[in-house]
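In what follows, a single structure is set out as structure tokens and then discussed.
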Amino acid sequence: MWCDLFVTNTAPIDLRSDTVTRPDEQMSAAMAAAEVGDDVLDHDPTMRALEERVAQLLGTAAALWVPSGTMGNLIALMLHLKRGDRFLAPRGAHVLNHELGSAAWLAGGMPEPLDWSAGPGRPTAEAVRAQLGGAAAYDMLHTTLLCLENTHNGAGGAVVPPDEHVMLAAAAREGGLKVHLDGARLWNASVALGVPPAALTVGVDTVQACLSKGLGAPVGSVVAGSEEFIGEARRVRKMLGGGVRQGGVLAAAGLVALDRLDALAEDHDNARALADGLTELGWDVTPPQTNIVLAAVPDVQLTLRRLQAIGVRAVPMSGQVRFVTHRDVSKTDIEEALRRIGGARL
Ligand SMILES: *Cc1c(COP(=O)(O)O)cnc(C)c1O
């Protein structure tokens, strides 16, 4: 008892990201027991099982495991874009700001950010239509792809509702654009909205979803689309050095992760509790829709240092302080974080 109290009162509470989770016993056991083969040579059986399950969840014909969300997005963009093309993405999108410009450097597409006219992280279908039309002159870029993001990380885990998503995808398709969905946290959007993940992929050609964020797998994402796309994606993954041999060890973690979709609701509850508590303490917080809390402060770096000093870890994001809840922080941890922040008068 005394020991428990001691630990809760001193251990750092890590709210930097939902990627800091560690495999629990059940996941480690599944990894250790995984049936494996050579996935580069002729497909690993556990990889195959994971890919089939994800394709079904996302409502696509096929899926491919990839080591990271960044590689999943890059593979899709490399297959959708060529030099001289332009792609549209909501301002602050991960593909624009957090992938080192690989969409331009490696996939060859010129980015065109779309403003958040429909709400945080959400462009309008009109904004997509305004960017359509063939190149008026030979020296102009061809707009060929819309890259959506749900939830929108930089906008604080903002959710794009299904009706808006459908209109965005339809506007793009009517204009002859392909549609890629960066669904790193699509699972969170699905749980927050109470709709199946496949309801949020309607009209897209390809989608990327992470297993290593809120779902808690140590490694892995999936990129999904048509059989033909996945055939090509497998080639590009190899080209990028992302083929792994006995990958079933990692896919087994992904399969356990997919059993935990519903548990994301607890992270969302904890994010709301954190936001409410911070608001009571006088912080300027955007009410969270999922598991990300953004707080506007006068000096982000100073606040992060002060938080660190009291054992609460956060990161800078979009000029604000970002806290992320995840399966390795409990309701009690959130209460403790609020106690520390209140006690230090931050
Ligand atoms: C984290 C994230 C990615 C990239 O995933 P990694 O596995 O870290 O490469 C892509 N898009 C969004 C929206 C993300 O939040």
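Atoms within each ligand, like the ligands themselves, are counted from 1 in listed order.
The nearest non-hydrogen atom to atom 3 (C) of ligand 1, considering only Lys213, Met71, Gln208, comes from Lys213. Of the candidates Gly220, Gly121, Gly72, Gly69, the one placing a heavy atom closest to atom 5 (O) of ligand 1 is Gly69.
In terms of modelled atom types and a separation under 3.5 Å, the side chain of Arg122 and the main chain of Ala118 share a donor-acceptor contact. The backbone N or O of Leu186 lies less than 3.5 Å from no partner atom in the side chain of Ser190, so there is not a single donor-acceptor pair.
One finds a salt bridge joining Asp39 and Arg237 here, because a Lys/Arg side-chain nitrogen approaches an Asp/Glu carboxylate oxygen to under 4.0 Å. Ion pairing between Asp115 and Arg91 holds under the 4.0 Å rule for side-chain N and carboxylate O.
Put simply, part of Arg185 is less than 4.0 Å from ligand 1, judged by heavy atoms. In this structure, Glu99 counts as a contact residue of ligand 1, since one of its heavy atoms falls inside 4.0 Å of the ligand. Taking 4.0 Å as the cut-off, His98 does not count as a neighbour of ligand 1 on heavy-atom distance.
Of all atoms in ligand 1, listed by their number and element, those nearer than 4.0 Å to a heavy atom of Thr70 are 4 (C), 5 (O), 6 (P), 9 (O). Against a heavy-atom cut-off of under 4.0 Å, Asn73 is close to the following atoms of ligand 1: 10 (C), 11 (N). Remark: ligand 1 atoms within the under-4.0 Å shell around heavy atoms of Glu149 are 13 (C).
Given atom 10 (C) of ligand 1, the protein heavy atom at minimum distance is His94 ND1, 3.3 Å. Scanning the protein for heavy atoms near atom 11 (N) of ligand 1, the closest one is Asp182 OD2, 2.6 Å.
A distance of 10.0 Å separates CG of Asp182 from CG of Leu96, quoted to the nearest 0.5 Å.
Ser330 and Asp333 form a side-chain donor-acceptor contact under 3.5 Å, judged by distance and modelled atom types alone. Checked by atom type, the side-chain pair Ser17/His326 shows no donor-acceptor distance below 3.5 Å.
At a heavy-atom distance under 4.0 Å, no atom of Thr19 approaches ligand 1. Under 4.0 Å from ligand 1, heavy atoms of Ser68 appear from its side chain as well as its backbone.
The two residues Phe229 and Ala224 have their closest heavy-atom pair at CE2-O, 4.1 Å.
Annotation: Leu41, atom CG; neighbour count of heavy atoms from other residues, nucleotides and ligands within 6.0 Å is above 12.
At least one N/O-N/O distance between Asn153 and ligand 1 falls below 3.5 Å.
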